[in-house]
Q: 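Below you will find the structure I want to go over with you.
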Amino acid sequence: MDAAESELTGAGPTAQPEGRRPVALPGTSGPGAGLLRAGTTAGVALCLATVLVHVLLVFLHVAPPNPLSQQFSRQVNAWVFPLFEQNWRLFAPDPESVNRQIAARTLHTAPDGSVRVSEWSDLTAVDNAAVRHNPFPSHTTQNMLRRAWSSYLETHGADDLPRTQRALMIQQYLANIAADRVAAHRGGTFESIQLRVVTLPVAAPAAAGGTRPAAVAPKPVDTRYLPWWKVESHGN
C-alpha cells in the first residue's frame, strides 16, 4: 500500500504519458512571434493614420472656405481629385434645365497622306436607346458621358483651352469616352476625334387646356463644336 501511494504521489497531476510532449501553438512563442505582433501593430496603426488623414482632407474639401483649407488647398485637391470628389447633389440635386445631344466624328490619315473624316455619330442617342425600356440601366450608360461634359463646362472657358492640370485631365477623359463609344458602336480606324454638342432648352410646361404660355419666348438652340483632339489610335 505504501509503495502504491508513493508511486501515485511521485506521478502527480502533471505527469505526462511517455512519448507525448506539450506542443506550442504556432506564433505564440519563438523569435517570429515578436516580429508578427510588431508587424500587425504597425499595419493597424498605418491604416488608422490613413483613415484619419483621409477624413481630415475630405472634411477640409467639403467645409466652407477657412484659413486652414485655403492654406493647404493644393494638398487637399491633390488627395481628393479625381477619386474622392465630393458634392452635395445627392441631397440638393440641380435638375437639368436643358437637353444636350453629344455627337462625335473621327479623322483618319492614311499612309498615302489622304485624310478621311467620318459622319457624325450621335452618342447621346445611343445612350438613350440603352436606357429606354431597360428596368435596370447601368450608371455608366446614364451618367458617364453627361457628367464628363458637365465637368468639361466647369473647367473650360469658351476657347476650350485647358488652363489647369484638372482641366486637361477632364478633356482627355471626355475624349477617351467619346473615342471608346465610337469604336464600340461604329468601328473604323481613326486617330483624332471631334465633338459637337447641341443644347436644346427644355420646353415650358403646358398650362391647363394644353396651351403653352405665349409670354415666354423659346430659348435658341446652341451648337458648340469642340477642337479636334488626338486620341489613342483605334482600329489598327
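We number each residue from 1, following the sequence as shown. Quantities reported herein were computed from a predicted structural model and do not represent experimental measurements.
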Q: For a 4.5 angstrom cut-off between non-hydrogen side-chain atoms, does H54 reach W79?
A: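 H54 vs W79: side chains touch.
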Q: Heavy atoms only: give me the nearest T223-R196 pair and the separation to one decimal.
A: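 Shortest heavy-atom separation between T223 and R196 comes out as CG2-CG, 3.9 Å.
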Q: Following the transitive rule for hydrophobic clusters with a side-chain heavy-atom cut-off under 4.5 Å over Ile, Leu, Val, Met, Phe, Trp and Tyr, establish whether I102 and V126 coincide in one cluster.
A: no
Q: Please answer whether the main-chain N or O of D122 pairs with a side-chain N or O of Q101 as donor and acceptor at a distance below 3.5 Å.
A: no
Q: If I take atom CZ from residue R100 and atom CH2 from residue W149, how far apart are they, to the nearest 0.5 angstrom?
A: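 Going from CZ on R100 over to CH2 on W149, the span is 7.5 Å.
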Q: So how far is it from T106 OG1 to R186 CZ, rounded to the nearest 0.5 Å?
A: 4.5 Å
Q: Which distance, rounded to the nearest 0.5 Å, do you find between the CG of L195 and the CG of L226?
A: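 Answer for the CG-CG pair, L195 versus L226, is 5.5 Å.
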Q: More than 12 foreign heavy atoms under 6.0 Å from CD of E119: is that the case here?
A: no
Q: Rounded to the nearest 0.5 Å, how far does CG of L174 lie from CD1 of I170?
A: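 So the gap between those two atoms works out to 8.5 Å.
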Q: Has Q75 got more than 12 heavy atoms of other residues, nucleotides or ligands less than 6.0 Å from its CD?
A: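 Yes - once you tally the heavy atoms of other residues, nucleotides and ligands closer than 6.0 Å, there are more than 12.
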Q: Within the structure provided, determine whether I177 and M144 are in side-chain contact (heavy-atom separation under 4.5 Å).
A: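 A side-chain contact under 4.5 Å exists here.
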Q: What do the steps show when you test D127 against R181 for side-chain contact (heavy atoms from CB on, under 4.5 Å), and what is the final call?
A: CA-CA 10 Å; D127 285 353; R181 297 288 178 88; 2.8 Å; yes
Q: Measure across E191 and S233 and return the closest heavy-atom pair with its distance rounded to 0.1 Å.
A: CG-OG, 4.0 Å
Q: Is there a continuous path of hydrophobic side-chain contacts, each under 4.5 Å between heavy atoms, that joins V80 to L168?
A: no
Q: Looking at A148 and Y173, what are the two nearest heavy atoms and their distance?
A: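 So the two residues come closest at CB-CE2, 3.8 Å.
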Q: For residues F59 and F72: do they belong to one hydrophobic cluster (side chain heavy atoms under 4.5 Å, members Ile, Leu, Val, Met, Phe, Trp, Tyr)?
A: yes
Q: For the residue pair A179 and F190, what are the closest heavy atoms and their distance?
A: O-CZ, 3.7 Å
Q: Is V197 reachable from V98 through a run of hydrophobic residues whose side-chain heavy atoms are each under 4.5 Å from the next?
A: no
Q: To the nearest 0.5 Å, what is the distance between CD on Q71 and CG on N66?
A: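 If we round to the nearest 0.5 Å, Q71:CD and N66:CG are 10.0 Å apart.
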Q: Is Q194 reaching over with its side chain to a backbone N or O of Y225, donor-acceptor style, under 3.5 angstrom?
A: no
Q: With rounding to the nearest 0.5 angstrom, report the CD to CZ distance, E154 to R166.
A: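 E154 CD to R166 CZ: 7.5 Å, rounded to 0.5 Å.
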Q: Using modelled atom types and a 3.5 Å cut-off, is there a donor and acceptor pairing between side-chain atoms of S69 and backbone atoms of P65?
A: no
Q: Do D160 and H156 get their side chains close enough for a donor-acceptor pair, meaning under 3.5 Å?
A: no
Q: Output yes when a side-chain donor or acceptor of S192 lies under 3.5 Å from a complementary backbone atom of W228, and no otherwise.
A: no
Q: Same cluster or not: L145 versus M169, using hydrophobic residues (I, L, V, M, F, W, Y) connected whenever any side-chain heavy atoms lie under 4.5 Å apart?
A: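 Yes, same cluster.
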